[in-house]
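Quantities reported herein were computed from a predicted structural model and do not represent experimental measurements. Any value given below was found using the heavy atoms of this structure, including those in side chains, with hydrogens, waters and symmetry copies removed. Chain naming here is simple, since letters A, B, ... match the order of the sequence lines and numbering starts at 1 in each.
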Protein chains: 2
Amino acid sequence: MVTIADIAKIAGVSKSTVSRYLNGGSISDATRKKIERVIDANSYSPNKFAQSLKAKKTNIIGTIVPRLDSYATSQTLIGIDEQLRELDCQLVISNSSQDLNREIENIYSLAKQKVAGIILLATEITDGHLEAFRQAQIPVILVGQQHDQLHSIIHKDYESGYELGKYVLQKGHRNIAYLGVTEKDIAVGIKRKEGFKKAVEGQPDTLVHYFETSFNIKGAMERVPEIIEEYQPSIIVCATDNIALGALKAAYMKGLRVPEDLSLTGFGGYDITEITYPGITTAKFYYKEAGRMAAKDITKLVNGEELGKISFTKYEIIERESVDNLL
Amino acid sequence: MVTIADIAKIAGVSKSTVSRYLNGGSISDATRKKIERVIDANSYSPNKFAQSLKAKKTNIIGTIVPRLDSYATSQTLIGIDEQLRELDCQLVISNSSQDLNREIENIYSLAKQKVAGIILLATEITDGHLEAFRQAQIPVILVGQQHDQLHSIIHKDYESGYELGKYVLQKGHRNIAYLGVTEKDIAVGIKRKEGFKKAVEGQPDTLVHYFETSFNIKGAMERVPEIIEEYQPSIIVCATDNIALGALKAAYMKGLRVPEDLSLTGFGGYDITEITYPGITTAKFYYKEAGRMAAKDITKLVNGEELGKISFTKYEIIERESVDNLL
DNA sequence: TTATGTTTCGGAACCGGTTCCAATTGGTTC
DNA sequence: GAACCAATTGGAACCGGTTCCGAAACATAA
């Protein structure tokens, strides 16, 4: 390992001069050239630990994800990764495996690592989270959930729910099942549903039933047959694309044709919804873009810049073949 | 920030004594108790940078992945993450976005961070990789590809290809298309194909055509129609589940029923192959398990233990509905 | 009680950087 | 050539740990 002292000795200057060279202090042209030569002749690069030890901080951004095997997570991470690379920040990913306690532990652990900021792909914010953030004294950006004490980047859950609701009505559906998720998840469990509710309420001769399932495909597969049998909806509006995938499989297994016998919609815009047959109509969120924004925003916070509490990402209704036109 | 010096002062001992307490040196019972009390009264924990600076090493394992949005990557990472957590190692994930140069840069970058070991989810090993590893002087485990100079964990590509070949024959298929990928990818592009070839060669009255496409779904969607039109195979054996998904979509779009008009198989065992309709018959690899093994092995190497050059993960042919029985 | 051997402990150096401060150098101006 | 000011430079302290080494404390044996 070649150190700054070695460079200094070889170049015939002092450590402090080399350090100044590295950090842009005032230096004469002659010594600048000399040091430059020596440094890349010996391919020197400063020891990160020594730097962090002295600086008491790093340029690492910690990202906590609830799970690694999810489209939304992957895409968001890709966006974060790309942007942080441009900003010359290091990314550390911390997986909480959908365990809120582990999530909180991860906050403390990142704090001990002296990360400059934390991006949290949030599902639910508890007092434990807030306490951890308070103790850590580190800037935080939430992605996907809103909280009035924290900065967040959120998808337009309410608006997309509303627009999708209007779309479904416009296609002539009047007997609707909405298959949602737990209200603990404010964004997905409440906002989407509320937006949808707002869109369909007041529409004459329209029946809407609300159901709840888990986030995974299997859960939806099991839930959907009962719903169909009991209420015979012409459409099931699913709160996530995964749920829609489960519903699609369930429909197939019951021998129903989609969309002729049953229409479906999702939320998310996962790539796979384009590949299924039929393609699934869905409210597409721009996760990668959200990741990019999160990365930009966290570095702004780290640098002490001002920042609005909330940013929104755009969304788009992608019309495919899974919704029948009943009119 | 409370430091070791603070603890020492409060406890009325020297820094070295506290350090000994932390690292298991010889200490009298009385001072042990005293220090213990002070430490958790002040919730002290040692500064990682200072430790790493002195020790010139870390307990961080770097994992380089070619992409984040892939089933195989996610699952492998989950396995690595779980196992490293048990082994009290820190995981750092480095994404190369399928860019070999960036992959090599990432090796150097991890080396600069003084990671204890590197796990590489490999696609192709170039001289640049070898040179980087040589310079880094850090233990490496390859996952998914084999290389005689490096330790690796590989899936049984040849064997699974062979078994799937036999399966296809046994189902009575005699006009077969094999849709593979570039031979630059030894495991996926060559091994799987060779295993399959071995299984079908010598089978009388059997026609097999080999084709190549990219790794993504879209590529397969575009490639498959030509293949069907030109050769009318009864089955397309796809080198990855993604390719099979693309083929499935392409078949649907041509109005072909699967498996009645066209059979399909994949490799990988992605969860989604269970959800499509019909479910896709595939050779399932245990990525999570491979990740676990990689994590265990890299820590063994880090600790200087001996290790065989190659480990295999198991695989399994998952029979679903996408293969018609022609007999 | 003294000599000897073990534990236990403190002091100081070190890891590889950064930064403050004072000293030197060089260039201007009179 | 002296005086002055700004630009460069070197020395030393510091960040928060670990570790070597010698001193002190204690226990045991003679």
- Over all heavy atoms of both residues, which pair between B/Asn59 and B/Asp88 is shortest? Give the atoms and the distance, please. ND2-O, 2.9 Å
- Among the nucleotides D/dG16, D/dG10, C/dG10, whichever has the atom closest to the side chain of B/Thr17 is C/dG10
- Length of the line joining A/Asn23:CG and C/dG16:P, which is rounded to integer Å: 17 Å
- Does the side chain of B/Asn47 get closer than 4.0 angstrom to OP1 or OP2 of D/dC15 through an N or O atom? no
- Message: By nearest atom, which of the nucleotides D/dT18, D/dG10, D/dC21 is closest to the A/Val13 side chain?
- Response: D/dG10
- Check whether any side-chain nitrogen or oxygen of B/Thr31 sits under 4.0 Å from OP1 or OP2 of C/dT8, and answer yes or no. no
- Message: So for atom NZ, which belongs to A/Lys314, do other residues, nucleotides or ligands contribute more than 12 heavy atoms lying within a distance under 6.0 Å?
- Response: no
- Taking only side-chain nitrogens and oxygens of A/Ser28, does any of them come within less than 4.0 Å of OP1 or OP2 of D/dT9? yes
- Query: Between B/Tyr287 and B/Phe285, what is the ring plane arrangement, given parallel below 30°, perpendicular above 60°, and tilted in between?
  - Reply: perpendicular
- Do A/Phe312 and A/His155 have their ring centres less than 6.0 Å from each other? no
- Query: Is there a donor and acceptor pair, one atom on the side chain of B/Ser14 and one on the base of C/dG11, closer than 3.5 Å?
  - Reply: no
- Message: Applying a 4.0 Å non-hydrogen cut-off, can you work out what A/Lys15 is touching in the nucleic acid: base, sugar-phosphate, or nothing?
- Response: base
- Give the nucleotide from the list D/dT18, C/dT18, D/dG10 with an atom nearest to the side chain of A/Ser19. C/dT18
- Task: Give a yes/no on whether any side-chain N or O of A/Gln51 is located under 4.0 angstrom from OP1 or OP2 of C/dG16.
- Result: no
- Message: Just to be sure I understand the rule, does B/Ser52 reach a base, reach only the sugar-phosphate, or reach nothing, if contact means heavy atoms closer than 4.0 Å?
- Response: nothing
- Query: So what does A/Tyr21 hit on the nucleic acid, given a heavy-atom distance under 4.0 Å: a base, only sugar-phosphate, or nothing?
  - Reply: nothing
- Message: Check the phosphate of D/dG16 against B/Thr3, side-chain N and O only, distance under 4.0 Å to OP1 or OP2. Yes or no?
- Response: no
- How long is the line joining NZ of A/Lys48 and C1' of C/dC15, in whole Å? 17 Å
- Take atom NZ of A/Lys57 and atom P of C/dG17, then tell me their distance rounded to the nearest Å. 18 Å
- Message: With a sphere of 6.0 Å drawn around NZ of B/Lys48, does it hold more than 12 non-hydrogen atoms of other residues, nucleotides or ligands?
- Response: no
- Query: With a non-hydrogen cut-off below 4.0 angstrom, is B/Ile27 in contact with a base, only sugar-phosphate, or nothing?
  - Reply: sugar-phosphate
- Give the rounded distance in Å between these two atoms: CD1 of A/Ile4 and C1' of C/dC14. 16 Å
- Message: Can you see if the side chain of B/Ser26 gets near the phosphate of C/dT8 - specifically, an N or O under 4.0 Å from OP1 or OP2?
- Response: yes
- A/Asp271 side, atom CG; B/Asp69 side, atom CG - distance, nearest 0.5 Å: 7.5 Å
- Task: Could you check how far CZ of A/Arg20 sits from P of C/dG17, rounded to whole Å?
- Result: 16 Å
- Assert: residue with more 5' nearest nucleotide on DNA chain C, out of B/Lys56 and B/Ser16, is B/Ser16
- Task: Figure out the CG/P separation between B/Leu53 and C/dC14, and round it to whole Å.
- Result: 14 Å
- Query: Do A/Lys54 side-chain and D/dC14 base share a donor-acceptor contact under 3.5 Å?
  - Reply: yes
